[in-house]
Number of protein chains: 2
Amino acid sequence: MNRLKAKKLIQVALVEDDPLLRANLAAMLNSSEGFHCQAAYADGPAALRGIRASRPDVVLMDINLPGMPGTDCVRQLKELAPHLPVLMLTVYDDSKQIFKSLMSGATGYLLKRTSRDKLLEAILEVHAGGAPMSRQVARQVVQFFQKADEMPVTTRNASVVVNLTEREKEVLAVLAKGYAYKEIADQLKISFETVRTHLRTIYEKLHVHSRTEAVLKYHGHEGGR
Amino acid sequence: MNRLKAKKLIQVALVEDDPLLRANLAAMLNSSEGFHCQAAYADGPAALRGIRASRPDVVLMDINLPGMPGTDCVRQLKELAPHLPVLMLTVYDDSKQIFKSLMSGATGYLLKRTSRDKLLEAILEVHAGGAPMSRQVARQVVQFFQKADEMPVTTRNASVVVNLTEREKEVLAVLAKGYAYKEIADQLKISFETVRTHLRTIYEKLHVHSRTEAVLKYHGHEGGR
DNA sequence: GGCGGACTCCCCTGAATGTGGTATGGTGCC
DNA sequence: GGCACCATACCACATTCAGGGGAGTCCGCC
């Protein structure tokens with residue numbers, strides 16, 4: 001992707017603790033027409049000190065920083081430079097993190113596996129007043145609204161649990177109280193193996209791969225990951 | 001923008017009351033490689049009837065429909081085809097409309113002045129599982145989160161969790177989202193073994209003996225056993 | 001009668017988890 | 001300095017869980 005219109009370089013500041021990734025990102029920016037990596041910081045406090053003085057156009061921030069969480073760093077950054085756009089980078093498209101970041105003041109939210117071109121595009125966009133989000137992130141955000149709407153009524157046994165048979169629901173209900181397989185078997189007066197068979201089909205139907213995920217869905221804490 | 005990869009046409013259904021715009025959009029789709037305008041409806045009821053039978057891949061819907069508001073139409077569409085992605089089109093970048101649409105089940109939200117290329121891109125994106133939004137819309141959404149100062153997602157790690165150290169709370173928080181030990185280790189940038197050590201003391205403090213029980217306590221579902 | 005779906009049970013394998021040790025470095029406090 | 005507490009990390013062993021087979025009974029439906 002060429003950006004020939006660049007009349008003035010976009011000054012980018014990086015906050016990323018992994019030295020390799022930091023160097024890569026910096027090199028990538030500096031080798032891209034229209035961009036300049038003005039500074040790169042390894043942790044939150046350093047970034048806050050540096051950015052106060054250097055006033056970049058855009059900040060790229062890892063959400064997983066040692067010491068100070070990226071979200072806290074954003075919050076403080078936003079206090080000293082409210083209009084400075086901050087793009088969060090993360091490997092996880094976990095909804096709690098996303099919302100926490102957005103509420104802290106992040107302007108956009110990208111997954112780390114975003115391609116070079118998409119990343120540059122996002123920097124341009126955020127600089128132009130947009131709010132770029134990776135596909136997965138946007139989807140989470142949209143789902144948040146959709147869930148917020150269902151919330152009043154929706155609780156357990158609703159959307160998620162519908163396609164389960166009666167017996168499967170019973171098994172899931174006991175599972176969701178924290179009982180071990182053999183305890184479930186006792187309670188329902190069936191064998192351990194049968195419990196497992198049910199659980200296998202339950203997992204399939206709920207699209208999960210662990211006990212905890214199933215319990216989360218059952219209790220309505222979706223969107224987790 | 002070229003989309004040469006199209007192996008199979010994306011079947012698009014239109015819902016737009018303005019005949020001129022409807023015709024233009026249809027023509028635009030049909031003249032674009034990889035897309036096909038399967039049907040075009042002038043109002044909500046017609047769309048609901050038609051889409052029930054024809055099963056398009058993506059729906060493009062005007063938010064201002066005569067008779068039935070686009071938001072209601074989306075809601076009903078979502079009931080009969082929950083996974084059908086719906087892109088809303090509107091002239092207003094008014095936050096109320098946006099949130100109402102998203103809550104009704106719209107998957108993406110575009111302004112009508114969106115360019116042809118952006119529109120096609122958005123259709124591809126929504127078809128691929130994304131949630132495309134126009135720049136202005138994304139910005140509104142982000143601002144919504146920044147204004148909402150309370151957690152949209154539950155954070156009731158109060159009573160039970162008090163005696164845990166900061167780090168332990170962090171570990172528990174990630175555990176409670178369903179991540180495996182090694183994933184927790186990655187996220188917190190500590191070793192697998194350290195995660196296990198933390199979990200051991202967490203279990204001790206919470207008087208539990210399994211992951212699921214800990215998660216239940218964390219989320220406040222104590223009554224269980 | 002055959003067929004599919006629900007429910008039941010069993011075997012095996014490999015991965016994840018629970019619990020017992022032990023140990024190092026840092027920090028705060030007396 | 002000595003002590004307590006925290007965060008980090010590793011080893012080992014037993015148990016539990018997850019996913020892959022297969023298989024028999026009962027019941028409703030075409």
Side-chain angles (χ1 to χ4, degrees), chain A residues 17-18 42-45 64-69 72 92 157 160-219 224-225, chain B residues 157 160-219 224-225:
Chain A
D17 62 306
D18 179 6
D43 58 65
N64 272 105
L65 292 174
M68 173 187 276
D72 288 357
Y92 302 99
N157 316 41
V160 184
V161 199
V162 279
N163 30 343
L164 300 182
T165 69
E166 276 313 303
R167 200 53 162 166
E168 286 163 358
K169 284 184 208 166
E170 286 176 47
V171 173
L172 180 55
V174 183
L175 181 90
K177 285 195 266 188
Y179 291 94
Y181 289 3
K182 62 169 66 162
E183 296 175 310
I184 300 174
D186 279 354
Q187 278 194 47
L188 298 182
K189 314 247 175 244
I190 53 181
S191 90
F192 175 81
E193 288 298 334
T194 305
V195 172
R196 280 161 45 64
T197 305
H198 283 310
L199 260 312
R200 241 186 305 163
T201 62
I202 290 171
Y203 285 5
E204 236 175 72
K205 289 182 180 178
L206 298 188
H207 306 294
V208 299
H209 302 278
S210 79
R211 195 197 156 101
T212 309
E213 289 179 284
V215 172
L216 290 177
K217 282 219 171 183
Y218 179 78
H219 283 302
R225 46 194 310 185
Chain B
N157 31 349
V160 188
V161 202
V162 279
N163 32 342
L164 300 182
T165 69
E166 276 314 303
R167 200 49 163 169
E168 286 163 358
K169 284 184 211 166
E170 286 177 46
V171 173
L172 179 56
V174 183
L175 181 89
K177 285 190 278 193
Y179 290 94
Y181 289 4
K182 64 171 64 161
E183 295 175 309
I184 299 173
D186 278 355
Q187 274 196 56
L188 298 183
K189 303 206 184 291
I190 55 182
S191 90
F192 176 80
E193 289 298 333
T194 304
V195 172
R196 281 154 52 72
T197 304
H198 283 309
L199 260 313
R200 219 182 326 157
T201 62
I202 291 171
Y203 286 4
E204 237 174 72
K205 289 182 180 177
L206 298 188
H207 307 294
V208 299
H209 302 278
S210 80
R211 188 192 163 113
T212 309
E213 289 179 283
V215 172
L216 289 178
K217 284 218 170 185
Y218 179 78
H219 283 302
R225 44 196 309 186

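All chains are named by letter (A, B, ...) in the order of the sequence lines, taking the proteins before the strands, and each is independently numbered beginning at 1. Side chains are part of it too, since the values below use all heavy atoms of this structure and drop only hydrogens, waters and symmetry mates.
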> Tell me: CD of A:Glu183 to C1' of D:dT15, nearest whole Å?
Replying inline: 13 Å
>> One pair to check against side-chain contact (heavy atoms from CB on, under 4.5 Å): A:Gln187 and A:Ile184. What are the steps and the verdict?
In response: CA-CA 5 Å; A:Gln187 278 194 47; A:Ile184 300 174; 5.8 Å; no
>> To check you understand the geometry: which heavy-atom pair defines the closest contact between A:Ala214 and A:Leu175, and what is its length?
In response: CB-CD2, 4.3 Å
>> Walk along nucleotides 13-20 of chain C from 5' to 3' and tag each nucleotide B, S or - by protein heavy-atom contact under 4.0 Å, base first, then sugar-phosphate.
In response: ---SSBBB
> How long is the gap from CG on B:Leu206 to CG on B:Leu199, to the nearest 0.5 Å?
Replying inline: 10.0 Å
> side chain to side chain contact (heavy atoms under 4.5 Å, CB included) with B:Tyr203: which of B:His198, B:His209, B:Glu213, B:Arg211?
Replying inline: B:Arg211
> Got B:Val195 and B:Leu188 here, is their nearest side-chain heavy-atom distance under 4.5 Å?
Replying inline: no
Tabulated below should be each protein N or O lying under 3.5 Å from an N or O of nucleotides 4-7 of chain D; please produce it.
residue: D:dA7; atom: OP1; partner: B:Thr165; partner atom: OG1; Å: 3.2
residue: D:dA7; atom: OP1; partner: B:Arg167; partner atom: N; Å: 3.3
residue: D:dA7; atom: OP2; partner: B:Thr165; partner atom: OG1; Å: 2.5

>> If you define the side chain from C-beta out and look only at heavy atoms, does anything of B:Lys217 sit under 4.5 Å from B:Leu172?
In response: no
> A:Ile184 CD1 to D:dT16 P: how many Å, rounded?
Replying inline: 12 Å
> Do A:Ile202 and A:Lys205 touch side chain to side chain, with heavy atoms closer than 4.5 Å?
Replying inline: no
> What are the two closest heavy atoms between A:Gly178 and B:Ser210, and how far apart are they?
Replying inline: O-OG, 4.4 Å
>> If we ignore hydrogens and angles and just use 3.5 Å, is the side chain of B:Tyr181 paired with the main-chain N or O of B:Glu193 as donor and acceptor?
In response: no
>> Looking at every non-hydrogen atom in both residues, tell me the closest pair between B:Ser191 and B:Ala185 and how far apart they are.
In response: C-CB, 3.8 Å
> Phosphate oxygens OP1/OP2 of C:dC10: is one of them under 4.0 Å from a side-chain N or O of A:Ser191?
Replying inline: yes
>> Over the length of the helix from C:dG1-D:dC30 to C:dC30-D:dG1, how much do the five-pair end axes diverge, rounded to 10 degrees?
In response: 40°
